[in-house]
Amino acid sequence: LIEAMAASGCIVLQFGLETPDLEVLKQHQKFFKVDQLKGTIALCHEAGIESCGHFMLGFPGEDISKWDRIVDYAKFIGCDYFALNAAEVRLGTTLDSAPPATELQRKTLYFDEELLRKGVERLNRRFYLSPKFIWKQFTSVRSPSHLMHLTHLGLQMLMPGKTRRQ
């Protein structure tokens, strides 16, 4: 399947990994196996497909001191890119013992919104400002405009909210 995707022009495959915390995954009946994920991502790389791991921060009862494990896990399994969002209840889902949401509501967060925002920013910086990631991006530069684009993205990581295009 991965080879067929590469042959059809797929360049990035996105994985909804949610969390490296096995207890949280078990509570939500998600049974990922680290060796399978790592192997699948390696197969993607062999086929010329990059990978993006999508993770969530702020599950009910989550230990804030373990948030850094998300970045460590993404790097360990070989993710090329990293996406992080606050865990929230969506229509038809639940993150706790409540029945699944049956109507659209404002998002329900399990941690203070400012704490989550700062956590997301810090973990994004930790992933995207690592020497390995920066070197990979630098060696992929195709043109001066591409270099400017990458520089702008890097500045957004360093100064969130100050370099956004209006």
Side-chain angles (χ1 to χ4, degrees), residues 11-34 37-38 40-41 44-45 49-98 100-101 103-138 140 146-166:
I11 58 171
V12 177
L13 192 55
Q14 300 185 39
F15 295 89
L17 303 175
E18 299 183 4
T19 178
D21 188 324
L22 297 177
E23 284 304 311
V24 172
L25 288 173
K26 195 183 301 180
Q27 287 172 5
H28 298 285
Q29 285 135 37
K30 308 227 174 184
F31 303 102
F32 302 130
K33 294 187 177 173
V34 176
L37 287 171
K38 197 171 180 179
T40 300
I41 289 172
C44 287
H45 291 158
I49 298 174
E50 293 183 307
S51 62
C52 178
H54 286 260
F55 296 90
M56 296 196 309
L57 189 67
F59 283 100
E62 191 172 52
D63 183 350
I64 296 171
S65 70
K66 294 182 179 178
W67 284 0
D68 280 292
R69 289 179 43 215
I70 297 170
V71 173
D72 298 335
Y73 182 71
K75 290 178 178 183
F76 174 74
I77 62 173
C79 292
D80 298 293
Y81 303 100
F82 176 79
L84 188 60
N85 294 291
E88 62 185 32
V89 176
R90 300 270 175 106
L91 184 63
T93 68
T94 187
L95 294 177
D96 54 23
S97 60
E103 60 185 52
L104 292 175
Q105 309 165 347
R106 177 169 155 39
K107 60 186 175 184
T108 301
L109 299 173
Y110 292 90
F111 285 84
D112 174 71
E113 198 160 355
E114 183 66 10
L115 177 69
L116 287 169
R117 185 188 63 73
K118 286 180 178 180
V120 167
E121 285 179 1
R122 185 176 60 77
L123 295 176
N124 274 325
R125 283 192 305 271
R126 206 172 143 232
F127 185 89
Y128 286 110
L129 296 178
S130 69
K132 182 178 178 181
F133 184 83
I134 291 171
W135 179 250
K136 181 182 173 201
Q137 295 303 302
F138 183 73
S140 74
H146 185 216
L147 178 60
M148 291 300 294
H149 175 70
L150 292 175
T151 301
H152 181 77
L153 292 174
L155 289 173
Q156 284 181 314
M157 286 287 131
L158 291 171
M159 302 178 296
K162 299 196 186 307
T163 59
R164 305 269 190 251
R165 291 185 178 149
Q166 301 299 324

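Note that the structure is predicted; figures quoted are calculated from it, not measured. Any value given below was found using the heavy atoms of this structure, including those in side chains, with hydrogens, waters and symmetry copies removed.
Scanning both residues, G154 and L129, for their nearest heavy atoms gives O-CD2, 4.5 Å. Pairing each heavy atom of G119 with each of L57, the nearest pair is C-CD2, 3.9 Å. The heavy-atom pair separating L116 from A86 by the smallest distance is CD1-CB, 3.9 Å.
Residues that satisfy the side-chain contact (heavy atoms from CB on, under 4.5 Å) test with Q14, not counting sequence neighbours, are V12, C52, H54. A search for side-chain contact (heavy atoms from CB on, under 4.5 Å) contacts involving D63 returns S65, K66, not counting sequence neighbours. For D72, the side-chain contact (heavy atoms from CB on, under 4.5 Å) partners at least two apart in sequence or on another chain are R126. A search for salt bridge (Lys or Arg N to Asp or Glu O under 4.0 Å) contacts involving D80 returns K136, not counting sequence neighbours. The salt bridge (Lys or Arg N to Asp or Glu O under 4.0 Å) test applied to R69 returns no partner, not counting sequence neighbours.
Applying the 6.0 Å contact sphere to CG of L22 captures no more than 12 heavy atoms from other residues, nucleotides or ligands.
Applying the ring pair (Phe, Tyr, Trp, His ring centres under 6.0 Å) definition to pairs two or more places apart or across chains, those involving residues 60-80 are W67-F111.
Note: H149 NE2 to Q137 CD = 9.0 Å, rounded to the nearest 0.5 Å. Here the OH-CZ distance, from Y81 to F127, works out to 9.0 Å after rounding to the nearest 0.5 Å.
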- [ ] Take E121 and R117 through the test salt bridge (Lys or Arg N to Asp or Glu O under 4.0 Å) and record every step on the way to the result.
- [x] CA-CA 6 Å; E121 285 179 1; R117 185 188 63 73; 2.7 Å; yes
